[in-house]
Amino acid sequence: MKKLNKIFCSALVALSFPWNVLAYSDYIIPGGESIGIEIKSDGIMVVGFYKVNGKFNKGTPGIKVGDRIQKVNGKKIESVKDLVNEMEKNAADGAVELLVTRDKKEKKIKLDLVKEGDTYKTGLYVKDEITGIGTLTYIDPETKIFGALGHNIVESNSNRLVEVRSGTIFRSSVTSIDRSVSGTPGGKNAKFYSSTIYGNVNKNTSSGIYGEYKIDSSKKTLKVASLDEIELGTATIYTVLEGEKLEEYEIEITKIDKNNETKNIYFEVTDKTLLEKTGGIVQGMSGSPIIQGDKIVGAVTHVVISNPSSGYGISIISMLEDGEK
């Protein structure tokens with residue numbers, strides 16, 4: 001009996017181990033390509049209010065900028081078109097019941113509709129998708145997971161994280177650059193080819209956007225570097241400044257912060273060509289992979305607005321771990 005008890009206890013110990021092993025590869029494909037991004041929101045985002053008949057709708061006191069409308073009178077909606085259709089169906093009643101999500105909690109709110117001429121209006125500005133430009137950071141050749149941007153996407157009016165219902169990354173071509181100057185970050189301007197889809201977006205987190213990459217890449221892989229392997233000194237970034245031409249530019253890593261969740265690498269742009277063309281870091285460059293030696297160490301995330309030749313980067317390990325969760 002004592003022998004059986006020992007075997008049973010050993011089995012219990014074995015079953016208690018956590019099964020949270022991450023499966024990202026030691027060698028990944030570095031990005032640098034400019035990508036178009038489209039994310040459809042989980043729920044219709046309330047981004048502001050407008051006046052009807054010269055005043056704001058008094059029937060909207062329970063609604064806040066940043067709320068996401070999920071249902072109208074119990075009917076699930078997935079687009080602004082759905083929202084308009086359901087509002088029209090119930091316009092004669094003069095009010096509708098909305099189910100909204102706020103801070104991950106659901107809330108029912110009555111919304112009065114205001115008649116202006118022959119039209120009923122809500123007094124709400126709403127949005128159901130976000131479109132923009134960014135840079136691909138990596139593709140994991142084994143799992144086919146990609147990571148991009150190195151930071152989250154927020155809706156500009158509400159400054160709230162965009163919850164992903166669905167999304168895509170697709171081909172884009174840089175047409176021009178607005179240079180960064182002290183106090184004003186510049187940006188990439190691009191032409192989108194939304195029919196040439198590279199992958200599906202399924203996550204928007206503080207470390208970037210992630211999803212499944214759909215096309216094959218013949219680019220060589222680079223070894224993944226841990227935070228401990230990053231060194232002060234020379235490194236490079238991969239990015240696109242013109243058309244779809246991927247180029248390498250030199251930077252100097254000046255500080256490494258192992259305790260910050262998203263700003264692990266501080267750097268200065270030292271490449272004269274990059275400085276002449278962009279003034280430093282510009283919007284749309286977020287996600288550009290940082291390479292040191294023969295390893296991928298991180299990705300560009302932010303510009304220092306007061307000194308655009310300086311920037312921040314996130315560790316590639318942080319992105320890989322978030323991509324796998």
Side-chain angles (χ1 to χ4, degrees), residues 22-35 134-151 207-208 210 213 216-242 244-278 280-282 284-304 307-324:
L22 300 176
Y24 62 79
S25 302
D26 292 331
Y27 286 81
I28 58 175
I29 299 169
E33 293 85 356
S34 177
I35 52 173
T135 300
L136 180 69
T137 303
Y138 72 87
I139 308 162
D140 189 317
E142 299 297 326
T143 65
K144 301 301 182 184
I145 293 172
F146 76 83
L149 293 186
H151 61 71
S207 68
Y210 302 92
Y213 205 74
D216 293 328
S217 174
S218 59
K219 291 171 62 179
K220 70 175 184 179
T221 60
L222 289 178
K223 187 169 178 25
V224 171
S226 68
L227 256 175
D228 290 333
E229 294 177 283
I230 305 173
E231 299 178 352
L232 299 180
T234 302
T236 59
I237 62 173
Y238 294 169
T239 201
V240 174
L241 299 183
E242 183 178 354
E244 298 175 62
K245 185 179 180 182
L246 181 62
E247 296 189 276
E248 190 172 8
Y249 299 97
E250 191 169 288
I251 63 171
E252 184 84 4
I253 296 176
T254 58
K255 180 182 176 182
I256 300 163
D257 187 344
K258 297 180 181 180
N259 298 316
N260 198 300
E261 289 186 8
T262 57
K263 294 179 179 178
N264 307 122
I265 301 167
Y266 295 72
F267 65 88
E268 291 276 348
V269 176
T270 55
D271 194 287
K272 291 182 179 179
T273 300
L274 183 59
L275 289 169
E276 287 173 2
K277 289 183 177 181
T278 67
I281 304 302
V282 297
M285 204 177 281
S286 296
S288 299
I290 302 173
I291 313 300
Q292 191 170 57
D294 59 353
K295 297 177 182 178
I296 178 169
V297 302
V300 175
T301 60
H302 297 85
V303 60
V304 177
N307 180 18
S309 64
S310 301
Y312 303 104
I314 185 172
S315 162
I316 194 65
I317 295 294
S318 295
M319 291 190 69
L320 286 164
E321 289 180 349
D322 262 5
E324 289 285 341

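If you're wondering where the values come from, they're calculated on a predicted model, not measured in any experiment. Quick note: numbers below take in every heavy atom, side chains included, and nothing from hydrogens, waters or symmetry partners.
Residues passing the salt bridge (charged side-chain N to carboxylate O under 4.0 Å, His left out) test with E244, sequence neighbours excluded: R171. The ring pair (Phe, Tyr, Trp, His ring centres under 6.0 Å) search around Y312 returns Y266, not counting sequence neighbours. With sequence neighbours excluded, the residues forming a side-chain contact (heavy atoms from CB on, under 4.5 Å) with E248 are T236, Y238, listed by chain and number. For K272, there are no salt bridge (charged side-chain N to carboxylate O under 4.0 Å, His left out) partners two or more places apart in sequence or in a different chain. Listed by chain and number, the residues in a side-chain hydrogen bond (donor to acceptor under 3.5 Å, both in side chains) with D257 amount to none (sequence neighbours excluded). In this structure, the side-chain hydrogen bond (donor to acceptor under 3.5 Å, both in side chains) partners of S226, at least two apart in sequence or on a different chain, are E229. For D228, the salt bridge (charged side-chain N to carboxylate O under 4.0 Å, His left out) partners two or more places apart in sequence, or in a different chain, are K258. Checked against side-chain contact (heavy atoms from CB on, under 4.5 Å), S34 has the following partners two or more places apart in sequence or in another chain: I133, S172, V174, V240. Legend: residues meeting side-chain contact (heavy atoms from CB on, under 4.5 Å) with K219, ordered by chain and number and at least two apart, are I29, E33, S217, L246. When the side-chain contact (heavy atoms from CB on, under 4.5 Å) test is applied to A235, the partners found at least two apart in sequence or on another chain are I251, I253, I290, Q292. Evaluation of the side-chain hydrogen bond (donor to acceptor under 3.5 Å, both in side chains) rule for S25 yields D140 as partners, not counting sequence neighbours.
Rounding to the nearest 0.5 Å places CG of L149 at 9.0 Å from OH of Y210. With rounding to the nearest 0.5 angstrom, the CG atom of L275 is 11.0 Å from the OH atom of Y249. For the atom pair CD1 of I265 and CG of L232, the computed distance is 10.5 Å after rounding to the nearest 0.5 Å. Rounding to the nearest 0.5 angstrom, the gap separating the CG atom in D322 from the CD1 atom in I314 is 7.0 Å. Atom-to-atom distance recorded for H151:NE2 and M319:CE is 9.5 Å, nearest 0.5 angstrom. Residue I28 holds its CD1 atom at 4.5 Å from CG of L320, rounded to the nearest 0.5 Å.
Not one N or O on the side chain of T262 forms a donor-acceptor pair closer than 3.5 Å with the backbone of S207. In this structure a side-chain-to-backbone donor-acceptor pair under 3.5 Å is missing from Y213 to Y138. The backbone N or O of E250 sits less than 3.5 Å from a side-chain atom of T270, completing a donor-acceptor pair.
In this structure, N307 and E268 approach most closely via the heavy-atom pair ND2-OE2, 3.9 Å. When every heavy atom of N264 is checked against every heavy atom of N260, the shortest pair comes out as ND2-O, 2.5 Å. The shortest non-hydrogen separation linking T239 to M285 is OG1-CG, 3.7 Å. Across all their heavy atoms, A225 and V297 have their closest contact at CB-CG1, 3.6 Å. Across I230 and I256, no two heavy atoms sit closer than the pair O-CD1, 3.2 Å. Closest of all the heavy-atom pairs between I296 and P289 is CD1-CB, 3.9 Å.
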Pair I317-L227, side-chain contact (heavy atoms from CB on, under 4.5 Å): steps then yes or no: CA-CA 8 Å; I317 295 294; L227 256 175; over 6 Å; no

Run the side-chain contact (heavy atoms from CB on, under 4.5 Å) check on L274 and I237 step by step: do they pass? CA-CA 10 Å; L274 183 59; I237 62 173; 4.1 Å; yes

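Identified under the ring pair (Phe, Tyr, Trp, His ring centres under 6.0 Å) test for residues 216-237, with sequence neighbours left out: none.
Within the 4.5 Å cutoff, the side chain of F146 has heavy atoms near those of the L136 side chain.
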